[in-house]
Amino acid sequence: HRVVFLVDEVGQFIGNNTQLMLNLQTITEQLGTQCKGRAWVIVTSQADLADTLGEGSQATGQDFSKIQDRFKIRLPLSSVNIDEVIKKRLLEKTPEMIPSLKSYYDSNKINIDNLITFDGEAKLNLYKHAEDFAETYPFVPYQFFLLQEVYDKIRKMSHSGDHQSKGERSLLNAFHDSANNVKGKELGTLVPFYSFYDSIEQFLDDTVRKPILHAEQRFGMNEFEVNLLKLLYLLKGVDNIKTTVDNLASFMITNISENRADLKTKIIDALKKLESKHLIQRNGNIYTFLTDAEQD
């Protein structure tokens with residue numbers, strides 16, 4: 001017979017510690033010798049192992065190439081179908097509610113299409129049909145993949161510590177928290193994109209959190225203005241997303257019955273206030289969040 005050892009989250013355990021990596025190599029070799037090749041070791045890592053183990057260091061890179069030789073079979077599992085995972089694990093509806101949701105979409109399709117619309121080069125998925133609406137509600141399809149891009153951006157811009165969870169677990173937590181925020185609300189309620197900020201705030205550096213805290217505490221901004229600032233942070237540095245008033249309105253929709261014209265007026269007033277306090281910068285019709293350092 002053969003023995004299989006399954007080690008979950010080995011990337012998070014090792015981090016940048018070369019010694020722990022070498023320990024894993026030693027144990028694997030000894031198992032191979034003692035068990036005459038009948039012991040298998042299977043390890044998993046949410047992040048790409050090369051990223052997790054710090055490919056920047058030459059020494060670490062060499063150590064990593066040694067250990068890779070011990071794990072010749074690699075099974076890359078991508079996050080491409082994260083929306084399927086979230087729909088199955090978090091958003092599955094009771095059988096009796098599915099016809100109601102489909103009927104609601106059919107009755108409000110034109111209004112929904114006019115309410116959530118984006119300009120620019122961004123390819124953001126919207127509802128394709130009634131079944132898609134029933135599966136995704138109270139979220140909008142673009143949110144699954146855009147939030148993934150936001151997480152990647154946060155890491156690239158070094159706005160978070162290394163301890164931020166990567167991949168599916170972070171996204172599942174964010175969607176779970178945001179869904180709970182609208183629990184018990186009337187049919188037609190949607191989750192706006194800014195609501196995802198709260199689930200990642202704990203991972204962010206002070207240079208990002210300070211402007212948002214100052215907006216609320218020092219400048220006395222209201223909840224709507226603070227939420228707009230959170231949204232501008234989430235979209236900062238994400239490719240092909242133009243933060244114009246029109247696009248911001250689509251990201252901030254909280255109900256299918258919302259008046260888009262009134263929402264745009266509120267956004268324009270809020271942007272003027274945020275700009276006057278140097279919390280954001282305007283370039284033509286594009287608005288950009290400013291970190292603490294950028295404000296200085």
List the steps, then state whether side chain to side chain donor-acceptor pair (under 3.5 Å) holds for Thr254 with Glu258. CA-CA 7 Å; Thr254 57; Glu258 196 152 3; 3.0 Å; yes

### Query
Distance-only, no hydrogens or angles: does the Lys93 side chain make a donor-acceptor pair with backbone N or O of Leu91 under 3.5 Å?
yes

Looking only at heavy atoms, the pair that brings Thr136 and Val140 closest together is CG2-C, 4.0 Å

Between Lys153 and Asp239, is there a side-chain N and carboxylate O pair less than 4.0 Å apart?
no

When rounded to the nearest 0.5 Å, the distance separating SG of Cys35 from CZ of Arg2 is 11.5 Å

Working for side chain to side chain contact (heavy atoms under 4.5 Å, CB included), residues Leu279 and Leu229: CA-CA 8 Å; Leu279 294 165; Leu229 190 59; 4.2 Å; yes

Report yes or no: do Ile286 and Val238 belong to one cluster of Ile/Leu/Val/Met/Phe/Trp/Tyr joined by side chain heavy-atom distances under 4.5 Å?
-> no

Ignoring hydrogens and geometry, is there a side-chain-to-backbone donor-acceptor pair from Lys210 to Asp292 under 3.5 Å? no

* May I ask you to test the Ile154-Tyr233 pair for a side-chain heavy-atom distance under 4.5 Å? => yes

(request) Check the pair Val43 / Asp8 against side chain to side chain contact (heavy atoms under 4.5 Å, CB included), numbers first and verdict last. (result) CA-CA 6 Å; Val43 300; Asp8 193 22; over 6 Å; no

- Hey, are the side chains of Thr244 and Asp119 touching, using non-hydrogen atoms and a 4.5 Å cut-off? yes

Rounded to the nearest 0.5 Å, the NZ atom of Lys277 sits from the NE2 atom of His214 at a distance of 13.0 Å

Lys102 to Phe133 six-membered ring, cation-pi geometry met (6.0 Å, 45°): no

Nearest heavy-atom contact between Lys236 and Phe289 is NZ-O, 2.7 Å

Point to revise | Evaluation steps, side chain to side chain contact (heavy atoms under 4.5 Å, CB included), between Ile267 and Phe224 | key: CA-CA 9 Å; Ile267 289 171; Phe224 182 86; 3.7 Å; yes

Interatomic distance, OG1@Thr28 vs CD@Gln25, rounded to 0.5 Å, equals 7.5 Å

CG (Asp83) and CG (Asn125) are apart, to the nearest 0.5 Å, by 8.5 Å

Distance-only criterion, 3.5 Å: show the donor-acceptor pairs between side-chain atoms of residues 180-194 and protein atoms not counting sequence neighbours.
residue, atom, partner, partner atom, Å
Glu186, OE2, Asn255, ND2, 3.1
Thr189, OG1, Glu186, O, 2.8

(message) Do Met221 and Lys273 have side chains that approach each other closer than 4.5 Å (heavy atoms only, starting at C-beta)?
(response) yes

Is any side-chain heavy atom of Met97 closer than 4.5 Å to a side-chain heavy atom of Thr94? yes

For Phe175 and Phe144, I'd like to know if the aromatic rings sit close, meaning centre-to-centre distance below 6.0 Å. yes

Could you walk me through whether Thr26 and Gln30 satisfy the side chain to side chain contact (heavy atoms under 4.5 Å, CB included) test, starting with their C-alpha distance in whole Å, then the side-chain angles of each, then the deciding distance to 0.1 Å, before giving a yes or no?
CA-CA 6 Å; Thr26 305; Gln30 287 182 349; 3.9 Å; yes

| task | Inspect the surroundings of CD in Glu92 and state if more than 12 heavy atoms from other residues, nucleotides or ligands are less than 6.0 Å away. | result | no

- Can you find a heavy atom in the side chain of Leu228 that is under 4.5 Å from one in the side chain of Ile280? no

No-hydrogen, no-angle side-chain donor-acceptor test under 3.5 Å, Asp152 and Gln148 = no

Taking every heavy atom of Phe139 against every heavy atom of Ala179, the minimum-distance pair comes out as CZ-N, 3.8 Å

Residues Phe196 and Ser178: closest non-hydrogen pair is CD2-OG, 3.4 Å

Next item on the list: State, with a plain yes or no, whether a side-chain heavy atom of Tyr151 is found less than 4.5 Å away from one of Ile200.
Entry: yes

Next on the checklist: Would you say Val7 ends up clustered with Leu31 if hydrophobic residues are merged whenever their side chains have heavy atoms under 4.5 Å apart, either directly or through other cluster members?
Outcome noted: yes

> Is it the case that more than 12 heavy atoms not belonging to His278 sit under 6.0 Å from its NE2 atom?
Replying inline: no

* **ILVMFWY network linking Ile86 to Ile98, side-chain heavy atoms under 4.5 angstrom** => no

For residues 108-117, which side-chain donor-acceptor pairs fall under 3.5 Å, sequence neighbours excluded?
residue, atom, partner, partner atom, Å
Asn108, ND2, Tyr104, O, 2.8
Lys109, NZ, Asp113, OD2, 2.8
Asn111, ND2, Ile256, O, 2.7
Asn114, ND2, Ile110, O, 3.2

| Does Leu234 belong to the same Ile/Leu/Val/Met/Phe/Trp/Tyr cluster as Leu213, with side-chain heavy atoms less than 4.5 Å apart forming each link? | no

Margin query: For Tyr142 and Phe251, I'd like to know if the aromatic rings sit close, meaning centre-to-centre distance below 6.0 Å.
Written below: yes

One should read off an interatomic distance between His1 NE2 and Arg38 CZ, to the nearest 0.5 angstrom, of 8.5 Å

Here the pair of heavy atoms bringing Pro99 nearest to Pro95 is CD-O, 3.2 Å

Is there side-chain contact between Val4 and Val41, with at least one heavy-atom pair below 4.5 Å?
no

- prompt: Under 4.0 Å between a Lys/Arg side-chain N and an Asp/Glu carboxylate O for Asp246 and Arg260?
  reply: yes

Looking just at side-chain N and O atoms, do Gln295 and Thr291 make a donor-acceptor pair shorter than 3.5 Å? no

- Taking only Lys NZ, Arg NE, NH1 and NH2, and the carboxylate oxygens of Asp or Glu, determine whether Glu225 and Lys230 approach each other closer than 4.0 Å. no

To the nearest 0.5 Å, atom CG of Leu231 lies from atom OG1 of Thr243 at 8.5 Å

What about Ile27 and Phe13, same hydrophobic cluster or not, with Ile/Leu/Val/Met/Phe/Trp/Tyr joined at side-chain heavy-atom distances under 4.5 Å?
yes

Heavy-atom closest pair (Leu290 atom, Pro211 atom, distance to 0.1 Å) is O-CG, 3.7 Å

Can you check whether Thr288 reaches Asn283 side chain to side chain, under 4.5 Å on heavy atoms? no

